[in-house]
Amino acid sequence: MAESASYTEKLKRWDRFKAEKFSKKAPVTTPYPFIDIEKPPEYRGIPHINPEKCIGCGACVNACPPDALIMEWDKEHGVKRLTYNAARCIRCARCIEVCPTGAMEPTTRFEVATDNKEDLVEVVEHKLAYCEECGEYLDFTERQIEYVRNILPKDVFDAYALEDRIKLTQEEKMRRTVIKLRETEGNVYPAFMLVRETKDDGGEE
Amino acid sequence: METAVKLGFSLAGIIIMLFLPPYLDGIARRVKARLQYRRGPPLSQTWYDLRKLFGMPSVKPTKKALFTWAPYIALASAISAALLLPYGNVVPVDFGYNLVVFFYVVLMVSVFLMLAGLTVQNAFSHLGSAREMQVILTVEPLIAILYGVLAYNSGSLDLYTIMTGLHLTPSLVLTYILLAYALYVESGFVPFDIAEAEQEVIGGPLSEYSGRLLGVFYYAIYIKRFALLWFFISLLTLPWIGPIGTPEKAALVLALQFVLTVAFYPIIAALEATNARLRIDHVVKMNTRAFFAGLIILAMAFMGW
Amino acid sequence: MVNTKDLEAHFEFECKACENGRCAKADVNSILSERKGLRDFYEAFKEHIKGCKRMTYGQYQFVIDREVLPEAVLWWHNHPEFKETHLSTAVGTDERPLNGHFVYMPFLNVQVEFANEPENYWVFLRTYLLADDPSFPSVAEKLPAALWIEREVKDLLGFKPVNHPDPRRLILPEDWPEGVYPLRKDMDYRHSPITEPKVEFKEKPEDTTLVPMGPAHMGIEEPAHFRLFVKGEEIVDVDYRGFYSHRGIEKTGEGRLTYNQVLFLAERICGICGYQHSVSYAMAVERLADVDIPDRARYIRTLLLELERIHNHLLWVGIAAHMVGYDTGFMHAWRIREPVMWLVERLTGNRKQYGMNIVGGVRRDILDYRKEEILKVVKQIREGTKTFLDVALNTNTFIKRAEGVGILPYKVAKAYSVLGPTARASGRKIDVRKDQAVKTATAYNEIDFKVPVYKEGDVLARVLVRMDELFESLWMVEQLIDQMPGGDIMVPIGKLPEYEEALGFTEAHRGEVVHYVMTGEKNKVYRWKVRAPTYNNLPAVPEMLKGYHVADAPLIIASIDPCYSCTERVQFVDVNTGKVKVLTEAEFNELSIKYKGVF
């Protein structure tokens, strides 16, 4: 992505026009791209994913109208891949609004001219959390779980015994619930309710 | 010695006539751009355009030979028209009765443009040709009459003799005014570029042309415009500067002609930029009116005014 | 055609307002007495009215028998008192998954009195068509405004307008097979069949030459195909084939767009009047959710709508000048326009496609330090436009080309339901900003402006109407800045009611933009119908062209400010709701994350 501006950058290096002299003679013509044009701070340019802040929750993927952001799971390698494609992006900045960690950063860049389409793509890979019990990867990234740990109050953690369960896959959780149900006969709660509650907490935000 | 001077002036004329017209168009583009607060292209942009067109092959939509030959004939006509004009005191090609020949060769450019449009099966080409024809049919009689006034006034049909033999009468002043209009129409500047209107008929007769042939046509049109303007400038200057005896004075006259031509082009460009294109019926109406005005002038000239 | 009586036997109409689904039995007095004209209509068609309801404020719906559809539409359209009532458009919906029927629903903008918003209203005439015989008597036979509307539902839904005068294909491409209807719910959106192309053009009249303008022509910016039949230079007859830029954005939307995502799609229907579409759509959804958006949001929306109108009118006048070869006018109009784009970039973050709307308000506040700049730009535009008009309207050749050309008489304008400045140049006194209740989404009811109307109906009148409107818009922007209230800029909307309908509308610079939205389950859209003003204006262009020169054709076509992409738009975003699919866990997770992130 960082390379995408190179084409116009190269042009600018020619320095063929002096902007001041130019504008006096003909007020309408601007020697763009040989000069920098003013970009207001309000300008909505190409967003940029800050991989340090991103937790891979996918909120931006849901909000994105044109599918410029895509989420992929690669369970074999334990990787969750977030792909941003500036060529599909319509610069609506919805992703920036919905991002819970501020990892989607606004910029004022707008020049996407490039001779290599791959310059327009940003990929962020996240490690998926690993379930020790069943030896499989979870659907959530390690950072997501870290984030949940940080924002959830301690008493919620204790109430649902999340510390033990948070790093388990869905199957493992279900299995445990069933075992638990078998242990405590006459439980008034249906099994699915228990499952659903834990599931919710494991989610993002 | 005299032949060498003559040859020199002819050569200067040929160089001017071949190289100046695209630069004049460049000036026009620049002036229009400035009127529109733009910077505009470099002066030799029209040359670059032509060079590019000359370097490209043409797509031919028909097998008719006229389609291929028309641009070249038009170019030849335009060049011969330009060669019939005086550069300083030298006319490169002099047959006598030059005025009639000049009238015809200038007309030929339009005629071949029109015929070229009719060789292809394209409604826009046909419409453009039909418009070109209507413009020619209405403006040429007017030009013929005005040439008649000039010939009567000077008592000659030879261009150089006319230009040196004119004497100032009211009818001549009116002729100049009307001639300016008629030559402007004949040159096909906005608002009279009806035949080649891009938004309406996609370039009219030129719509099927491409590459080298299109370039040749454009070149022919630029030279024709130059020839008409040079003719008008010569008419304005030559009669009033007295006999040209020495080569030095001739060179001065040539320089004057050159400067005035270059100076007139921005005026034309400004006129072009500040007008919308007229419709063919408007032009026909205007030309008809001008024709009758021309008749009156002719009558005045006969009465000796 | 099956009689509706048969239909009644196995179908109970739903009616929100009436107790047992029949107006005849229920107490409908309260609804019918709300606005003038409703009761008269009810009395006139008592036998055939099966239900009525108030969809939302100022929008009434009657369920009528399909046999009387032409009479009912004409009753409203030719109402002797409500002179400017017009057929806005019609919606065809495949409601078979809901109730086993197709629905064809023309709706009219009823103007009881100009600029009397509490009196005027919209009337929807809902007719149910049988699933195996979706035919209805054609309105187009008597009313040319319905010509395209009926051809459209014929193409996309397979309805059969009986006795339609011109039943050729309108929207689908030539190589689309017969009997495949993309808007039906059982059609998969990925399915795109192709057969041998079959071209249906109008017969050439005798002794004429065909001049094909388009699909790619200098004088038409977008693909459109006008077939001019000319004698010499005079146009005798015209055929139009368009919809080359029918984009099918539905493919993007199908199955995954929520109501807030559709908003961004709506904004991209048009390149230059996108915000109008965006506001219309947002307004429709807010109406059916019954939300009042904050005042500040309404003012910001109105401000942007008017700024958009200003630069669009300048753009248009530039193009009009370009069409007659007056390029200096073109360049200067666009030069004057540029500061608006510059300003809007600073207000919203983009020159076009503002992305300012969200259902329930706007996304960005207008900061105080930009107010100065707005006023500065307004002043600049006002001076610039005045100079421009001074020069352009004193250019003889320009006036010569525009005056008395492309005359659209009042009667033709009304019969084709022509909208916007085109209609106002022909003496139609209509403007949705004043006529209808736009107060839920915009602030037009709180500011002062005039609606210029000219009677000449030629191209020059269209220029003048637009320029007058431009000055009104400048004045409106100044008022909006002065009066802008403080407070919130949006209210969140949670869940939308299911299977509710409402209409959103704004007066774009070309005429009224209409968005009809019917919600489905789970915050999705079941039917979204967009009607851009060019859809109503373009069918009238052949009428304007007849009798004028080929040279005038580009100017006349441009004079309605056609926008082909708007007209040929996205048809819909239909969502297959209620479809049961077994999800894998990964998919389930994806979905569960998805619906949390939206709101």
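Sequence lines set the chain letters: A, B, ... in the order given, protein chains first and strands last, and positions in each chain run from 1.
- Every ring-ring contact (aromatic ring centres under 6.0 Å, His included) that C:His225 has, sequence neighbours left out, goes to C:Phe201.
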Let me have the donor-acceptor pairs involving side chains of residues 550-560 of chain C, under 3.5 Å, with sequence neighbours excluded, atom names and distances please.
unit_1   : atom_1 : unit_2   : atom_2 : d
C:Asp552 : OD1    : B:Arg279 : NH1    : 3.2
C:Asp552 : OD2    : B:Arg279 : NH1    : 3.0
C:Asp552 : OD2    : C:His549 : N      : 3.4
C:Ser559 : OG     : C:Arg462 : NH1    : 2.6
C:Ser559 : OG     : C:Ile556 : O      : 2.7

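- Looking only at side-chain heavy atoms (C-beta outward), B:Phe231 and B:Leu183 come within less than 4.5 Å of each other.
- In terms of heavy-atom pairs under 4.5 angstrom with chain C, the leader among B:Glu272, B:Lys32, B:Arg131 is B:Arg131.
- Counting only distance, with no hydrogens or angles, the side chain of B:Asp25 and the backbone of B:Thr46 share no donor-acceptor pair below 3.5 Å.
- For B:Ala130, no part lies under 4.5 angstrom from a heavy atom of chain C.
- Side-chain atoms of B:Ser207 and B:Ser125 form a donor-acceptor pair, as typed in the model, at a separation below 3.5 Å.
- Using a 4.5 Å heavy-atom cut-off against chain B, the contacting residues of residues 392-399 of chain C are C:Thr395, C:Thr397, C:Phe398.
- The shortest distance between side-chain heavy atoms of B:Phe192 and B:Val135 does not fall below 4.5 Å.
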Which pairs would a plain distance check flag for residues 215-227 of chain B, meaning a side-chain donor or acceptor within less than 3.5 Å of a matching protein atom at least two apart in sequence or in another chain?
unit_1   : atom_1 : unit_2   : atom_2 : d
B:Tyr219 : OH     : B:Leu18  : O      : 2.6
B:Lys224 : NZ     : B:Ser110 : OG     : 3.0
B:Lys224 : NZ     : B:Glu186 : O      : 3.0
B:Arg225 : NE     : B:Ser187 : O      : 2.9
B:Arg225 : NH2    : B:Gly188 : O      : 3.0

